[in-house]
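First comes the structure, then the notes that go with it.
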Amino acid sequence: MTFSEVPILYSYRRCPYAMRARMALYVAKIPVEIREISLRNKPAHMLQVSPKGTVPVLVLPNGHIIEQSIDIMLWALQQHDPEAWLDVDVTQLEHWVVLNDGPFKLALDRYKYPERYPENTQDHYRPQGESYLQSLQHMLQQHHFVLGNQPSIVDVAIFPFVRQFAAVDAGWFAASPYQKVAAWLSYWVDSELFAQVMQKYPTYLG
Ligand SMILES: N[C@@H](CCC(=O)N[C@@H](CS)C(=O)NCC(=O)O)C(=O)O
């Protein structure tokens, strides 16, 4: 077991799960050693502490392992939550994360990589994700952020996935009826916070 002074975050820059973990750690001002991995050549230490082999994985100095992105967000914000991102109804958080990480992620993968799911065309997969965009649009018509007029853990947990969906066909998204979603997405993508967590690191091979 490797012990270190600061937590180690095994991460992958473009992974939406890793993005949300990095954003919570950054906002909570928790210094971490970011180890940018190659998904094709994962470091032995990462697999030793977390054999499931997905990122993000947070290794605490006491050896404790947190291996789900939402749990990393919650852990970080429970240490320090200067933006009050945890000031939400837990059932609402669960609702959005279950929807996002479940059916929406499934639709996103099919829409993004239709060649991997040749039983249907891309045009067939897009509406499966659109029902989620409709739900988001409905919330964002009522307030600036998903649960209210202040940003919360919910916004940060889900926007990296919506970003990927929007990017599959940017022209379609720009002309779509989901303009509140588009404005909300731009707020996050253009934020200083997002720029900070998208810094590039050399690949850590272990
Ligand atoms: N439920 C996990 C999902 C993490 C996940 O699936 N990460 C992807 C990258 S975006 C991964 O590491 N996949 C393993 C691989 O591609 O080998 C979490 O929330 O942390």
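All ligand and atom numbering here is 1-based and tracks the order in the structure. Starting from 1, each residue takes its place in the sequence as its number. All figures in this text were calculated on a predicted structure; none of them were measured in a lab.
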Under a 3.5 Å threshold, I'd like every N/O contact between ligand 1 and protein atoms, with atom names and distance.
unit_1	atom_1	unit_2	atom_2	d
ligand 1	1 (N)	Gln68	OE1	2.7
ligand 1	7 (N)	Val55	O	2.9
ligand 1	12 (O)	Val55	N	2.9
ligand 1	17 (O)	Lys42	NZ	2.6
ligand 1	19 (O)	Gln68	OE1	3.4
ligand 1	19 (O)	Ser69	N	3.4
ligand 1	19 (O)	Ser69	OG	2.6
ligand 1	20 (O)	Ser69	N	2.9
ligand 1	20 (O)	Ser69	OG	3.4

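Side-chain atoms of Asp123 and Thr121 form no donor-acceptor pair, as typed in the model, at a separation below 3.5 Å.
Checked against a 6.0 Å centroid threshold, the rings of Tyr187 and Phe159 do not count as neighbours.
The list of ring pair (Phe, Tyr, Trp, His ring centres under 6.0 Å) pairs with a residue in residues 17-41, not counting sequence neighbours, reads Tyr17-Phe161.
In the hydrophobic clustering of this structure, Leu25 does not group with Ile70; members are Ile, Leu, Val, Met, Phe, Trp, Tyr whose side-chain heavy atoms approach within less than 4.5 Å, directly or through other members.
Of all heavy-atom pairs spanning Ser38 and Thr203, the tightest one is N-CG2, 3.8 Å. The shortest non-hydrogen separation linking Val55 to Ile37 is CG1-CD1, 3.5 Å.
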